[in-house]
S.K.: 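Have a look at this one before I ask anything.
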Amino acid sequence: MPTILGQNQYGKAENRVVKITRDGDTHHIKDLNVSVALSGDMEDVHYSGSNANVLPTDTTKNTVYAFAKEYGIESAEQFGIHLARHFVTSQEPIKRARIRIEEYAWERIATSDNNSKFIGSDEVNHSFARKGQELRITQITFDGENWEIISGLKDLTVMNSTNSEFWGYVKDKYTTLKEAYDRILCTDVSAAWRYNWTSDDQRMPNWEKSYEQAKKHILQAFAETYSLSLQQTLYQMGSRVINSRSEIDEIRFSLPNNHHFLVDLEPFGLKNDNEVYFAADRPYGLIEATILRDGVEPQIPVDMTNL
């Protein structure tokens with residue numbers, strides 16, 4: 001039976017690039033993990049082994065580092081746009097470029113005050129500690145005419161120690177869970193949002209501000225929602241982002257319910273008044289949903305595993 005070639009792509013994955021910007025004695029860090037995937041007229045290399053249309057993956061790696069120098073890294077989105085545009089417009093066989101970027105955040109280490117015994121300690125602006133919170137992500141796709149920018153974050157752990165309930169649910173013969181009227185609500189937020197910027201003719205968003213504002217609205221909605229279910233909280237988080245950020249049309253969440261169970265202390269003659277919990281890491285409930293601006297068609301993949 002004859003066979004034909006289906007979808008295919010190639011590129012260099014996980015190029016780690018750290019860009020230091022020196023503003024006098026004050027330094028700034030951008031720390032990215034960049035993956036390049038290219039597709040186009042690649043039938044011959046699969047059928048016959050001809051590399052005539054193949055830009056080596058080593059070249060894509062070198063381009064990442066060269067562009068960090070030539071263009072700097074203003075934001076993960078802007079850097080990915082530079083790369084995608086370059087690969088599609090400079091190589092005739094390449095029709096589509098997808099750039100995926102993870103950004104590792106750093107924060108400046110606060111040094112001693114002016115009364116420190118260490119000379120010049122108040123002038124140190126080049127020491128950093130890696131942030132232990134979320135991982136910022138973005139995916140840039142370009143086909144020579146249209147852009148798709150999906151950005152977001154993952155592994156942002158949040159907790160409400162009260163103002164959360166769970167009751168009134170379906171019960172059958174296998175149900176053992178007791179209704180809760182005051183519980184801990186904890187999750188690791190993974191979110192991906194899609195920008196409505198799709199063309200160079202449109203005004204480009206401020207990527208850095210947009211990310212910080214989207215994250216702020218997610219956190220504020222989580223904190224301010226009296227939750228009767230994690231689904232309700234998810235919807236409030238997404239709605240807050242859509243209603244507050246005009247440049248974002250769609251946001252998808254994947255939220256594990258990190259269960260915290262009250263420990264039975266009665267065998268020790270102690271009353272546990274919602275104070276001592278066992279934090280279970282698995283199994284966990286997994287709540288996922290997409291929130292859309294009214295009239296918008298969903299485009300973010302339902303399975304965000306590889307986004």
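By convention here, the first residue in the shown sequence is residue 1.
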S.K.: Counting distance only, does the side-chain N/O of His82 pair as donor-acceptor with the main-chain N or O of Ile73 below 3.5 Å?
M.R.: no
S.K.: Is it the case that Lys12 and Thr57 place a side-chain donor and acceptor less than 3.5 Å from each other?
M.R.: yes
S.K.: What's the separation between atom OG1 in Thr157 and atom CG in Asn258, rounded to the nearest 0.5 Å?
M.R.: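 Nearest 0.5 Å value for the OG1-CG distance: 7.0 Å.
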S.K.: Does Tyr284 have more than 12 heavy atoms from other residues, nucleotides or ligands lying within 6.0 Å of its OH?
M.R.: no
S.K.: Quick one about Asp182 and Thr162 (side-chain donor to acceptor, distance below 3.5 Å, no hydrogens or angles considered), yes or no?
M.R.: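 Side-chain D/A pair, Thr162 to Asp182: present.
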S.K.: Look up atom NE2 in His28 and atom NZ in Lys19, then write down how far apart they are to the nearest 0.5 Å.
M.R.: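 The distance works out to 10.5 Å.
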S.K.: Determine the sole option in Trp167, Tyr226, Phe166 for which the ring pair (Phe, Tyr, Trp, His ring centres under 6.0 Å) test with Tyr181 is passed.
M.R.: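 Looking at Trp167, Tyr226, Phe166, the match for Tyr181 under the ring pair (Phe, Tyr, Trp, His ring centres under 6.0 Å) is Trp167.
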S.K.: Hey, quick one: are Ile218 and Leu230 part of the same hydrophobic cluster, counting side-chain heavy atoms closer than 4.5 Å, chains of contacts allowed?
M.R.: yes
S.K.: Show every donor-acceptor pair shorter than 3.5 Å between a side-chain atom in residues 29-36 and any protein atom, with sequence neighbours excluded, or say none if there are none.
M.R.:
unit_1 : atom_1 : unit_2 : atom_2 : d
Lys30  : NZ     : Glu103 : OE2    : 3.1
Lys30  : NZ     : Glu208 : OE1    : 2.9
Asp31  : OD1    : Arg16  : NH2    : 2.6
Asp31  : OD2    : Arg16  : NH2    : 3.1
Asp31  : OD2    : Trp106 : NE1    : 3.1
Asn33  : ND2    : Glu14  : OE1    : 3.2
Asn33  : ND2    : Glu102 : OE1    : 3.2
Ser35  : OG     : Glu14  : N      : 2.9

S.K.: Could you give the distance from CG (Asp201) to CZ (Arg203), rounded to the nearest 0.5 Å?
M.R.: 15.0 Å
S.K.: Between Gln78 (side chain) and Ser75 (backbone), is there a donor-acceptor pair under 3.5 Å?
M.R.: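 Flag not set: sc Gln78 to bb Ser75 has no pair under 3.5 Å.
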S.K.: Look only at the side chain of Thr63 and the backbone of Thr59, and say whether a donor-acceptor pair between them is shorter than 3.5 Å.
M.R.: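 Here the side-chain-to-backbone pair exists.
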S.K.: Please walk me through it: do Gln91 and Leu38 pass side-chain contact (heavy atoms from CB on, under 4.5 Å)?
M.R.: CA-CA 10 Å; Gln91 302 294 324; Leu38 308 175; over 6 Å; no
S.K.: If the plane angle is over 60° it's perpendicular, under 30° parallel, otherwise tilted; pick one for Trp147 and Phe142.
M.R.: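 Plane angle under 30°, so parallel.
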S.K.: Any side-chain heavy atom of Leu219 sitting closer than 4.5 Å to one from Leu156?
M.R.: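 The answer is yes, as the side chains (C-beta and beyond) meet within the 4.5 Å cut-off.
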S.K.: Where do Pro256 and Leu286 come nearest, in terms of heavy atoms and distance?
M.R.: N-CD1, 3.7 Å
S.K.: For Asp143 and Asn146, indicate whether the former's side chain and the latter's backbone hold a donor-acceptor pair under 3.5 Å.
M.R.: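 Judged by distance alone, yes, a pair lies under 3.5 Å.
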S.K.: Counting distance only, does the side-chain N/O of Asn272 pair as donor-acceptor with the main-chain N or O of Glu275 below 3.5 Å?
M.R.: yes
S.K.: Just how far is it from atom CD1 of Ile184 to atom CG of Asn274, taken to the nearest 0.5 Å?
M.R.: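 Ile184 atom CD1 to Asn274 atom CG measures 8.5 Å (nearest 0.5 Å).
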S.K.: Is there a path from Trp207 to Ile101 through hydrophobic residues (I, L, V, M, F, W, Y) whose side chains come within less than 4.5 Å of each other?
M.R.: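 Yes, Trp207 and Ile101 fall within the same hydrophobic cluster.
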S.K.: Provide the closest heavy-atom pair for Glu247 versus Ser210 in the form atom of the first, atom of the second, distance.
M.R.: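 Of all heavy-atom pairs spanning Glu247 and Ser210, the closest is OE2-OG, 2.6 Å.
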S.K.: Taking only Lys NZ, Arg NE, NH1 and NH2, and the carboxylate oxygens of Asp or Glu, determine whether Glu77 and Arg136 approach each other closer than 4.0 Å.
M.R.: yes
S.K.: Quick check on the hydrophobic clustering: are Tyr65 and Phe87 connected, directly or via other members, by side-chain heavy-atom contacts under 4.5 Å?
M.R.: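 Cluster IDs for Tyr65 and Phe87 match.
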S.K.: Is a donor on one side and an acceptor on the other found under 3.5 Å between the side chain of Asn196 and the backbone of Arg194?
M.R.: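 It does not hold such a pair.
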S.K.: Restricting to pairs with a member in residues 37-54, which pass side-chain hydrogen bond (donor to acceptor under 3.5 Å, both in side chains), not counting sequence neighbours?
M.R.: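 Non-adjacent pairs meeting side-chain hydrogen bond (donor to acceptor under 3.5 Å, both in side chains): zero.
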S.K.: Please report the shortest heavy-atom distance between Ala223 and Asn160, naming the atom on each side.
M.R.: CA-OD1, 4.1 Å
S.K.: Under the criterion side-chain contact (heavy atoms from CB on, under 4.5 Å), I'd like the reasoning laid out for Ile20 against Val18: C-alpha separation, chi angles, the key distance, then a yes or no.
M.R.: CA-CA 7 Å; Ile20 306 297; Val18 176; 4.1 Å; yes
S.K.: Consider only side-chain heavy atoms of I, L, V, M, F, W and Y, link residues closer than 4.5 Å, and tell whether Phe128 and Val17 are in one cluster.
M.R.: no
S.K.: Search all heavy atoms of Tyr169 against all heavy atoms of Glu179 and return the closest pair with its distance.
M.R.: OH-N, 3.2 Å
S.K.: For Phe67, what residues pass the ring pair (Phe, Tyr, Trp, His ring centres under 6.0 Å) criterion, not counting sequence neighbours?
M.R.: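 Checked Phe67 against ring pair (Phe, Tyr, Trp, His ring centres under 6.0 Å); matches are Tyr71, His86.
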S.K.: In Å, rounded to the nearest 0.5 Å, how long is the span from CZ of Arg183 to OH of Tyr277?
M.R.: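 The CZ atom of Arg183 sits 11.0 Å away from the OH atom of Tyr277.
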S.K.: Return yes when atom CD of Glu266 has more than 12 non-hydrogen atoms of other residues, nucleotides or ligands closer than 6.0 Å, and no otherwise.
M.R.: no
S.K.: In sequence, state the C-alpha distance, the side-chain angles, and the governing distance for Phe222 and Val189, and then conclude on side-chain contact (heavy atoms from CB on, under 4.5 Å).
M.R.: CA-CA 10 Å; Phe222 179 83; Val189 179; 5.9 Å; no
S.K.: Restricting to non-hydrogen atoms, name the atom on Ala129 and the atom on Ile109 that form the minimum distance, rounded to 0.1 Å.
M.R.: N-CG1, 3.7 Å
S.K.: Verify side-chain hydrogen bond (donor to acceptor under 3.5 Å, both in side chains) between Thr233 and Thr225, making sure each step is shown before the conclusion.
M.R.: CA-CA 6 Å; Thr233 298; Thr225 300; 5.3 Å; no
S.K.: For residues 289-297, which side-chain donor-acceptor pairs fall under 3.5 Å, sequence neighbours excluded?
M.R.:
unit_1 : atom_1 : unit_2 : atom_2 : d
Thr290 : OG1    : Arg252 : NH1    : 2.8
Arg293 : NE     : Asp249 : OD1    : 2.9
Arg293 : NH1    : Ile242 : O      : 3.4
Arg293 : NH2    : Ile242 : O      : 3.0
Arg293 : NH2    : Arg245 : O      : 3.1
Arg293 : NH2    : Ile248 : O      : 2.6

S.K.: Mind checking what makes side chain to side chain contact (heavy atoms under 4.5 Å, CB included) contact with Asn243, not counting sequence neighbours?
M.R.: Ser239
S.K.: Using modelled atom types and a 3.5 Å cut-off, is there a donor and acceptor pairing between side-chain atoms of Glu250 and backbone atoms of Gln299?
M.R.: yes
S.K.: Does any part of the side chain of Tyr10, heavy atoms only, come nearer than 4.5 Å to the side chain of Leu55, both counted from C-beta?
M.R.: yes
S.K.: Contact between Ile81 and Trp197 at the side-chain level, heavy atoms closer than 4.5 Å - yes or no?
M.R.: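 Ile81 reaches Trp197 side chain to side chain.
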S.K.: Taking atom CD as the centre, does Glu70 end up with more than 12 heavy-atom neighbours from other residues, nucleotides or ligands that are less than 6.0 angstrom away?
M.R.: yes
S.K.: Among the clusters formed by ILVMFWY side chains lying less than 4.5 Å apart, do Ile287 and Met237 turn up in the same one?
M.R.: yes
S.K.: One pair to check against side-chain contact (heavy atoms from CB on, under 4.5 Å): Asn257 and His259. What are the steps and the verdict?
M.R.: CA-CA 6 Å; Asn257 194 341; His259 301 300; 3.7 Å; yes
S.K.: Return yes when atom NZ of Lys209 has more than 12 non-hydrogen atoms of other residues, nucleotides or ligands closer than 6.0 Å, and no otherwise.
M.R.: no
S.K.: Kindly indicate whether the side chain of Tyr211, heavy atoms from C-beta on, has any atom under 4.5 Å from the side chain of Leu153.
M.R.: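 Yes, their side chains come closer than 4.5 Å.
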S.K.: Closer than 3.5 angstrom, by distance alone: can the side chain of Lys171 be matched with the main-chain N or O of Gly168 as a donor-acceptor pair?
M.R.: no
S.K.: Once rounded to the nearest 0.5 Å, what's the spacing between atom CD of Gln139 and atom CD1 of Ile300?
M.R.: 10.0 Å
S.K.: Run the ring pair (Phe, Tyr, Trp, His ring centres under 6.0 Å) test against His260 and tell me which residues pass, sequence neighbours left out.
M.R.: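 Checked His260 against ring pair (Phe, Tyr, Trp, His ring centres under 6.0 Å); zero matches.
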S.K.: Can you name the closest pair of heavy atoms from Arg240 and Gln220 and give their distance?
M.R.: NH1-CB, 3.8 Å
